[in-house]
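Quick caveat, the model's predicted, so the values are computed rather than measured. In this chain, numbering begins with 1 at the start of the sequence shown.
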Amino acid sequence: LSRSLWFIIFPLILFFTTSIVESIIWTVSITILLIFLLFTADLDSSPGEIFNLKIKLLTLYSAFVVATLIISQIIRSVLENLFNNQKEVGTTNLALEKEIEDRKKIESALRESEERYRLMAENIADVIWTMDMDLNFLYVSPSVKQQRGYEPKEAMAQPLEEVILGESLENAMNLYL
């Protein structure tokens, strides 16, 4: 009777001393073992047959204990990995959200700066222009129409020799080269 009581109380002890997953595994395995004991026990058996049955049940119980320990460790490992992955995903999401917010601020500041300089370049009386490293025009302000009589696209198509004349062209080329 005391051993039977131990089999009933043991899952309760496990429930309060281990994780919920392990206690469920232990409870199920012990319940299966008890059901097996009830259906395989023959009350008319000889003492030798009962001893052999007890040895088989002890072996079966040992196998259940080992199996439940292995399964509980596997489940614990999987759950820990899931929890750690979830924590990493949360941390990564926060970092990405901050990066996106910073990028939006930078893009907004860049747009505002471009708008200010474009407004200034398009409304100033002087001609403003930019060139690439091969001395090709990249931008010519609309004031070129008032100063030289060309549309900005026409002025960008002109060679440098037509835009800068004489000694100014020589000085510019000496500085560039």
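Contact detail for Leu135 and Leu160: the closest heavy-atom pair is CD1-CD2, 4.0 Å. Residues Ala121 and Tyr139 come closest through the heavy atom pair CB-OH, 3.6 Å. The heavy-atom pair separating Glu162 from Leu165 by the smallest distance is O-CD2, 4.1 Å.
In the hydrophobic cluster analysis, where Ile, Leu, Val, Met, Phe, Trp and Tyr join through side-chain heavy atoms closer than 4.5 angstrom, Trp129 is grouped together with Leu169.
Atom CD1 of Ile106 sits about 9.5 Å away from atom CD of Glu99, to the nearest 0.5 Å. The OH atom of Tyr117 sits 11.0 Å away from the CD1 atom of Ile128 when rounded to the nearest 0.5 Å.
Residue Glu167 qualifies as open at atom CD: its count of foreign heavy atoms under 6.0 Å is 12 or below.
In this structure, Thr92 contributes its side chain and Glu88 its backbone to a donor-acceptor pair below 3.5 Å. The closest donor-acceptor contact from the side chain of Asp134 to the backbone of Asn136 lies at 3.5 Å or more, if one exists at all. Between the side chain of Thr91 and the backbone N or O of Lys87, at least one donor-acceptor pair lies under 3.5 Å. Side-chain N or O atoms of Ser141 include none that pairs as donor or acceptor with a backbone N or O of Glu122 at under 3.5 Å.
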Intermediate values then yes/no, side-chain contact (heavy atoms from CB on, under 4.5 Å), Leu94 and Glu97: CA-CA 5 Å; Leu94 289 175; Glu97 286 173 1; 4.0 Å; yes
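A 4.5 Å side-chain heavy-atom check between Asn81 and Phe83 finds every atom pair outside the cut-off. Counting only heavy atoms from C-beta outward, the side chains of Met131 and Leu138 never approach each other to under 4.5 Å.
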Which side-chain N or O atoms in residues 146-153 pair as donor and acceptor under 3.5 Å with protein atoms at least two apart or in another chain?
{"residue": "Gln147", "atom": "NE2", "partner": "Ala125", "partner atom": "O", "Å": "3.2"}
{"residue": "Arg148", "atom": "NH1", "partner": "Gln158", "partner atom": "OE1", "Å": "3.4"}
{"residue": "Arg148", "atom": "NH2", "partner": "Gln158", "partner atom": "OE1", "Å": "2.5"}
{"residue": "Tyr150", "atom": "OH", "partner": "Gln158", "partner atom": "NE2", "Å": "3.3"}
{"residue": "Glu151", "atom": "OE2", "partner": "Lys145", "partner atom": "NZ", "Å": "3.4"}

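In this structure, Arg111 does not pair ionically with Glu115, as no charged nitrogen and carboxylate oxygen lie closer than 4.0 Å.
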